[in-house]
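The shown structure was predicted, so the numbers you read here are calculated from the model rather than taken from an experiment.
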Amino acid sequence: MTAAQVLEQIERTRVAQWRAEATLAKLVDQAVGLGIGWPEIAARLGVTRQAARQHYQRRHRGSETIQDRRS
């Protein structure tokens, strides 16, 4: 592979990563909207509940559920 091809691949991969992150954020929004708790969401993301909330909850201020308060 040439340097130009490697750089093009980096750019394509970065764009794909951005799109995947945007899709993931929408899915987390939907999960929260459906009342799915952060512990369940975090398990599917492969991170701790705290990490999931810190990363995504900025979009969900005030959406804390009773299950979240117990966790």
Side-chain angles (χ1 to χ4, degrees):
M1 225 185 252
T2 68
Q5 290 171 322
V6 169
L7 291 172
E8 181 62 31
Q9 280 293 95
I10 289 170
E11 176 67 13
R12 280 192 227 144
T13 302
R14 184 189 61 79
V15 169
Q17 180 182 19
W18 179 85
R19 286 181 180 155
E21 282 293 328
T23 300
L24 193 54
K26 288 178 187 177
L27 291 169
V28 170
D29 284 348
Q30 288 179 339
V32 170
L34 290 169
I36 298 171
W38 286 105
E40 291 177 81
I41 294 168
R44 295 300 176 119
L45 291 170
V47 299
T48 65
R49 177 188 56 83
Q50 182 179 6
R53 287 181 71 182
Q54 285 177 348
H55 188 78
Y56 293 101
Q57 194 174 28
R58 284 179 234 127
R59 304 163 61 108
H60 301 288
R61 295 268 185 235
S63 68
E64 186 175 294
T65 65
I66 292 170
Q67 183 179 1
D68 292 330
R69 288 184 216 120
R70 290 182 188 159
S71 301

Next on the checklist: Check R44 with E40, please: is the shortest side-chain N to carboxylate O separation under 4.0 Å?
Outcome noted: no

Checklist entry - In the single-linkage hydrophobic clustering (I, L, V, M, F, W, Y; side-chain heavy atoms under 4.5 Å), do V32 and L24 co-cluster? => result yes

Item to check | I36 reachable from L27 in the ILVMFWY side-chain graph, under 4.5 Å edges | outcome: no

Checklist entry - Are more than 12 heavy atoms from other residues, nucleotides or ligands located less than 6.0 Å from atom CD of Q50? => result no

Item to check | Shortest non-hydrogen contact from P39 toward R49 | outcome: CG-CD, 3.6 Å

Checklist entry - Side chains of H55 and E21: closer than 4.5 Å at any heavy-atom pair? => result yes

Checklist entry - Is a side-chain donor-acceptor pair under 3.5 Å present for R14 with Q17? => result no

Checklist entry - Are the side chains of L7 and I10 in touch, meaning some heavy atoms are under 4.5 Å apart? => result yes

Checklist entry - How about V28 and W38: do any of their side-chain heavy atoms sit closer than 4.5 Å? => result yes

Checklist entry - Should L45 and Y56 count as side-chain neighbours, where that means a heavy-atom distance under 4.5 Å? => result yes

